[in-house]
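Chain letters run A, B, ... following the sequence lines, proteins first and then strands; every chain starts at 1. Hydrogens, waters and symmetry mates play no part in the numbers below; they use all other heavy atoms, side chains included.
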2 protein chains.
Amino acid sequence: MPATIRDVARASGVHISTVSRTFSAPHLVNPETRSRVLACAEHLGYRPNRAARALITGRTHNIGLMVADIANPFFPPLIKAAESQARHRDYHIFVTDTNEDPAVEEELVHALAKQVDGLLLCSPRMSNDLIQQLSREVPLVVVNRHVTGLPSVVMDVGQGARLAIEHLSGLGHRDIALLGGPRGSWTNREIRRAAGNAARAVGATLTVLGPNPPTEDGGLAMAEQVQRSGVTAVLAYNDLMAIGLIERLDSLGVRVPSDISVVGIDDIALSRLTRPKLTTVATPTAAAGRAAVDMLLAHDPSSPRGRSIAGDGRRTTAQVTLQTELVIRDSTGPGPHRPADPGDAAAAAPDGVAS
Amino acid sequence: MPATIRDVARASGVHISTVSRTFSAPHLVNPETRSRVLACAEHLGYRPNRAARALITGRTHNIGLMVADIANPFFPPLIKAAESQARHRDYHIFVTDTNEDPAVEEELVHALAKQVDGLLLCSPRMSNDLIQQLSREVPLVVVNRHVTGLPSVVMDVGQGARLAIEHLSGLGHRDIALLGGPRGSWTNREIRRAAGNAARAVGATLTVLGPNPPTEDGGLAMAEQVQRSGVTAVLAYNDLMAIGLIERLDSLGVRVPSDISVVGIDDIALSRLTRPKLTTVATPTAAAGRAAVDMLLAHDPSSPRGRSIAGDGRRTTAQVTLQTELVIRDSTGPGPHRPADPGDAAAAAPDGVAS
DNA sequence: CTGAAAGCGCTAACAA
DNA sequence: TTGTTAGCGCTTTCAG
C-alpha cells in the first residue's frame, strides 16, 4: 500500500494540512517542522497523489498529445521533444493516435478533457468549427494548422515550398509536378498555394497531382502518372511520398535526379539514408513540440482553465510560425532549361542549406 | 464548467448514486430511470470524471509506457499498437522517453505509479534488482527483457540471430563480425549468445565488436574497424547500426553485398527503403505492444493491484516469447567459401522469408 | 505557524 | 430499485 498524507502526518506528529503545506506551500511552514515532515515522507516513500490533488485544484499536471499516426516518422521527434519539455515542467503526456480519423479525434478530445490541463492537436483532420467548439471544453493548442481564435504552432511550409520551386527553377526545370497530400490538410493547402505562386513567379508550370495519402504508398502509386505527365521535377507533400515515388520511378527505369528531380518536405531522419539522399524542406519538428507545450502551459497559473491574458486584460491568441530551410542533397539535378547563370544553385554544395 | 454527477442528478430528478450506477452498474437501475438519466447526461455533455472515480476504485484506467528513445524507429510501431490496444479496452497511455538513462527510468516509475494501473517498461536499462523492487510499487510488464518473477514479452532474437548466421554460412561466409549493441541490454546478450553458438555449430568464426550505441552513428563509427578485421559478413545489433555501417563502408569503397554482407535486426520500415535493401531479422513489434498491454490488463479485475492468479490460487508469471523471421533482401550475397549445395540459401527469392 | 472542518467528484456498502 | 451515508487523498478557507 502506498503511503498517504495521513501516514506522513501520523509519523511526523502533525496535522495532515501541515503535511499538505509542506509540499504545496513550503514557505508557509516552519523550517524545522518542514524538514521533519520531509524526512518522514522520504522514509515512507510518500508522494502526493496527483489525481486527488487535481480533484481540488483543477490542475492535473497532464497534457494530451494527439497525432494522426505515431508510426509516421514525422511525428516521433515532435512527440519526443514535447514529452521532454513537459516532463521538465513536471507534466506527463498522454499520447494518442487517431489514425487520421476525425471521428476518433473528436471522441478522444472528450475522453481526455477531464484528465488533462490541455491538449495538443497535431495536424488534426477535424473541421475548424468543431475544433473551436471543442476548445470550450478544454484548452487546445493546434500544431500544423491555423484555427481562428486558437493558439497554434505552424511550420512555414509555404516558404519552404517557394524555396523548393526556386531551387528547381534555378536548376533549369520548367515543368514541375506537385504531389499533393491528404484532402483537408492545412499544410497541403499552404504548400499548394505557395508552390503555385512561386511557379508563376519563375515562369514554370505546376501540375498538381492528388490528393494522396501522406505515405510511401501514396508516392509509389503516383509514379506512373508522374512519368506520363512529362514533368522533369517533382515537389512532394512530404518525404515519405518522395521516397516512395523515387522507389517506383527507379523500377520504371526513370533515374533520379538525372531524369527527374525530386524534392521532399519534412527532412525526416530517413531522408538522409536513402539513395539518392533526398533534397528536402526541413521542418523544425522538435522545436514545434517544445513550442506547443510552452504555449499550453503559458496560461495564467492562477486561472486553471483560462486563456493567456495580456496585461490589459484582453485575450491574446499566440501564433508561432517556425522557419523552414531547404536542404539540398542528391535527388535534384540540372533540368533541360539551363539557367542564366550556370554556376548558381546547381553548383550548391551537397547537403548545403539555403534559407 | 463541465457537468458533474450532481448536475445530472438534479436534471433527471434522482439521487447522484443512481446516476453513478447508471454508468458503473447499469443493470442495477430501472431501464426507464436509466434512459432518463442517460438522456440528461447526454444533453449536459456529462462524462464521469475518471480521476475522481480512480480515487475510490483504485483503478485509473491509465497505463504508462516507458521507452528508451521515441525517435528510434523500432519503438513507434510498438507504441502505436499498444496505444490502439489500450484505447479499445478503454485505457489511455502515458508515453515517456527515458533517453536510455536508468536514473530517469526509476524516477519516472515513481512519478507515474499513482496515476496508472500498470507500467510497460520497454528495453529498460535498470538493474533486475531495481525493477523487481519497483514492481512492488506498481504492476510492471517488461518488454525485451526477462526479469525473474515479472511478466514479460520478448522477441526471440536468439532464434533470429541463429537464422542470420546460418544464412550467412550457407552463402559461404566463414568470418563473421557481430556488431554489438549497448552494454547492459538483455537483447544484446541474447544475440551474442545465440550468434556465438550458431557460429560454432556451422564452423564459422565470430568476432564481437562493441559495445556500441544502438544508432546509425554506432554503425558508422565501426565501419573502419569492420573493414580492417577482414570479415566478409556482419550481423548488426539492429537495423539502424546496419544501415550506418553500410553507409560508411560505401564511402570507404567497400561494396555491400559484393565485398561484405550485412544483416540487421528489427526490420524497421526504413530497412526496405535503403539501397541495397536490408536483409534483416524481423521482430514483431506491434504484436509485442499489444501483448504487453494484454498482459498488464489480464489481472483479476476484482483485485485492483494484484497479480494474475491461477485457478488454484498460485501466482502465475506469464512470459510471452514472440517468434522472429529472417527476411532476405539485397544486403547479403555469396561469400568466399562456396557452400556444398550452391542452389541453397544463396538462391533464395528476394524479399523471401525464412523461419 | 498550525489545526479543524469542508469539500473536490465520485463509488460503495447499507438501509429503506 | 433507490436514497443515505461515509469517505477515497488531498487542498483550502478559517480560527486559534
request  = Could you please name the option among C/dC8, D/dC8, C/dC10 that lies closest to any side-chain atom of B/I5?
outcome  = C/dC10
query = For C/dA12, does either OP1 or OP2 sit under 4.0 Å from a side-chain N or O belonging to B/T57?
reply = no
message = Looking at every non-hydrogen atom in both residues, tell me the closest pair between B/A68 and B/T98 and how far apart they are.
response = CA-OG1, 3.4 Å
query = Could you give the CG-to-C1' distance, from A/L55 to D/dG7, as a whole number of Å?
reply = 12 Å
task = Just compare C/dG9, C/dC1, D/dT2 and give me whichever is closest to any side-chain atom of B/N30.
result = D/dT2
task = Rounded to the nearest angstrom, tell me the gap between atom CG in A/N49 and atom P in D/dT11.
result = 9 Å
task = Say whether, by atom type as modelled, one donor and one acceptor occur between the side chain of B/S20 and the main chain of B/I16 under 3.5 angstrom.
result = no
note = Separation of C/dC10 atom P from B/R47 atom CZ, nearest Å, is 13 Å
note = Rounded to whole Å, CZ of B/F23 lies from C1' of D/dT2 at a distance of 17 Å
ask   = Counting side-chain heavy atoms from CB outward, which of D/dG9, D/dT12, D/dG3 is closest to B/H15?
value = D/dG3
inquiry  = For a quick check of understanding: with a heavy-atom distance under 4.0 Å over all strands, which category does A/Y46 fall into, base, sugar-phosphate or nothing?
reply    = sugar-phosphate
Donor-acceptor side-chain pairing of A/R50 and A/N62 below 3.5 angstrom = no
request  = Considering just the side-chain nitrogens and oxygens of A/R6, establish if one lies under 4.0 Å of OP1 or OP2 belonging to D/dC8.
outcome  = yes
query = Quick one: which of C/dG9, C/dT2, D/dT11 gets closest to the side chain of B/A52?
reply = C/dG9
ask   = Are A/R59 and A/Y91 close enough that a side-chain donor and a side-chain acceptor fall under 3.5 Å?
value = yes
request  = Please report, rounded to the nearest Å, how far the C1' atom of C/dC8 is from the NZ atom of A/K114.
outcome  = 13 Å
ask   = Counting just side-chain N and O atoms, does B/S20 come under 4.0 Å of either OP1 or OP2 of C/dG9?
value = no
message = What is the separation between atom CG on A/L28 and atom C1' on D/dC14, rounded to the nearest whole Å?
response = 14 Å
request  = Working to the nearest 0.5 Å, report the span between CZ of B/R36 and CG of B/N30.
outcome  = 8.5 Å
inquiry  = Quiz question: going by heavy-atom distance under 3.5 Å, is there a donor-acceptor pair between the base of D/dG3 and the side chain of B/R21?
reply    = yes
key: Candidate nucleotides C/dG9, D/dT1, C/dA5, ranked by approach to the side chain of A/S17 - the nearest   = C/dA5
ask   = Could you give the CZ-to-C1' distance, from A/R34 to C/dC1, as a whole number of Å?
value = 12 Å
inquiry  = Categorize A/V14 for me: base, sugar-phosphate, or nothing, with a 4.0 angstrom heavy-atom threshold over every strand shown.
reply    = sugar-phosphate
message = Which nucleotide wins on minimum distance to the side chain of A/R53, given the candidates D/dG9, D/dC10, D/dT2?
response = D/dC10
ask   = Counting side-chain heavy atoms from C-beta on, which of C/dC8, C/dT11, D/dT2 comes nearest to B/I16?
value = C/dT11
request  = Please name the pair of heavy atoms, one in B/S84 and one in B/H88, separated by the smallest distance, quoted to 0.1 Å.
outcome  = O-ND1, 2.8 Å
ask   = Can you tell which of C/dC10, C/dC1, C/dC8 lies closest to the side chain of A/I56?
value = C/dC8
